[in-house]
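To start, the structure itself, in structure tokens.
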Amino acid sequence: MKPIYAFFAVFALGASAFAHGNATGAVLERMEGMKSIQAAMKVLGKQANSNDTFDRDLVSAAANDIAVHAHNIPALFAEKDMSMPTEAKAEIWDDMDAFNTLAHDLESAAMAAATVQNGDDLKSAMAAIGASCKACHSQYRIKN
Ligand code: HEC
């Protein structure tokens with residue numbers, strides 16, 4: 001359980017420490033996609049912690065939301081755009097297949113999370129999702 005909280009702490013800090021209001025075009029779109037993923041993760045995090053009030057519909061909707069956004073990652077990064085204030089590394093466009101595979105991994109992990117029935121299973125599913133975020137960020141994002 002601890003690693004999940006640590007994971008959220010990192011993203012909560014990231015959201016407040018860096019303002020990306022001046023991003024435009026493809027960079028803005030992909031940042032917005034990532035922010036939606038992050039917001040859905042927060043919904044899941046709350047549910048993972050509440051076995052008594054576990055809301056299956058809410059969990060399934062949030063997990064599916066992540067899956068849809070993960071599915072869109074390849075399209076959002078299709079064109080190389082390194083305009084500031086991007087945090088994307090140029091390596092993404094050296095081997096798009098490798099990058100897209102990581103997006104697909106996230107989609108699969110999110111789809112698995114969409115079917116969990118209780119908070120404990122959601123914690124495990126979220127650990128898999130978190131590992132998938134990290135796998136991509138550590139390789140392809142400047143701040144990770
Ligand atoms: C396939 C690769 C990949 C996966 C998987 C991935 N990300 Fe990202 N993420 C990126 C890249 C690349 C950036 C930097 C984009 C930019 O700045 O242009 C980023 C940026 C972000 C940002 C910052 C957005 C902003 O406003 O600057 C957040 C938040 C984020 N990701 C959350 C997540 C979470 C949460 C997950 C997992 C549930 C996840 N990401 C999975 C590649 C990925």
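Order of appearance sets the numbers: ligands from 1, and atoms from 1 within every ligand. Positions are given from 1 along the sequence.
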Considering both backbone and side-chain atoms of [X], is one of its nitrogen or oxygen atoms within less than 3.5 Å of a nitrogen or oxygen in ligand 1?
X    : answer
Y140 : no
S132 : no
E87  : yes

Exercise answer: donor-acceptor pairs, residues 106-116 side-chain atoms, under 3.5 Å, sequence neighbours excluded:
unit_1 : atom_1 : unit_2 : atom_2 : d
E107   : OE1    : H71    : ND1    : 3.2
E107   : OE2    : H71    : ND1    : 3.1
S108   : OG     : H104   : O      : 3.1
T115   : OG1    : A112   : O      : 3.0

Under 4.0 Å from a heavy atom of [X]: which atoms of ligand 1 are those, numbered in the order shown and with their elements?
X    : value
I37  : 34 (C), 35 (C), 36 (C), 37 (C), 38 (C)
Q38  : 29 (C)
R30  : 16 (C), 18 (O)
A103 : 1 (C)
M31  : 17 (O), 24 (C), 25 (C), 26 (O), 27 (O)

Determine yes or no for a side-chain-to-main-chain donor-acceptor pair under 3.5 angstrom, with [X] supplying the side chain and [Y] the backbone.
X    : Y    : result
N64  : S60  : yes
W93  : D81  : no
S132 : A128 : no

* How would you list, by chain and number, every residue that makes a side-chain hydrogen bond (donor to acceptor under 3.5 Å, both in side chains) with E79, sequence neighbours excluded? ->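 Applying side-chain hydrogen bond (donor to acceptor under 3.5 Å, both in side chains) to E79 gives none.
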At under 4.0 Å between heavy atoms, is it the side chain or the backbone of [X] that contacts ligand 1, or both, or neither?
X   : answer
T86 : both
F99 : both
E32 : neither

For a 4.5 angstrom cut-off between non-hydrogen side-chain atoms, does [X] reach [Y]?
X   : Y   : value
L58 : K46 : no
D65 : V43 : no
M82 : V27 : no
T24 : S83 : no

* atom 8 (Fe) of ligand 1 to nearest N/O/S of M34 below 2.8 Å ->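 Checking M34: at least one N, O or S atom is under 2.8 Å.
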* atom 8 (Fe) of ligand 1 to C136: any N/O/S contact under 2.8 Å? ->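 No N, O or S atom of C136 is closer than 2.8 Å to atom 8 (Fe) of ligand 1, so no.
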* Passing option when V59 is tested against N118, D121, L44 for side-chain contact (heavy atoms from CB on, under 4.5 Å) ->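 In the set N118, D121, L44, the residue that makes a side-chain contact (heavy atoms from CB on, under 4.5 Å) with V59 is L44.
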* Asked: Where the closest heavy atom to atom 14 (C) of ligand 1 is concerned, which of A26, S83, A88 has it?
  ->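 The residue whose heavy atom sits nearest atom 14 (C) of ligand 1 is A88.
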* Just going by heavy-atom distances, which of C133, G33, A135 is nearest to atom 35 (C) of ligand 1? ->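 Checking each option, the heavy atom nearest atom 35 (C) of ligand 1 is found in C133.
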* Residue H137 atom name (nearest to atom 8 (Fe) of ligand 1; N/O/S) ->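 Atom name returned: NE2.
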* Please state whether the rings of F99 and Y140 are parallel, tilted or perpendicular, taking 30° and 60° as the class boundaries. =>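 If you compare the ring of F99 with that of Y140, the planes turn out perpendicular.
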* To do: Check if I129 has a non-hydrogen atom at a distance under 4.0 Å from any atom of ligand 1.
  =>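 Right, I129 reaches ligand 1.
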* ligand 1 contact by I92, heavy-atom criterion under 4.0 angstrom ->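 Within the 4.0 Å threshold, so yes.
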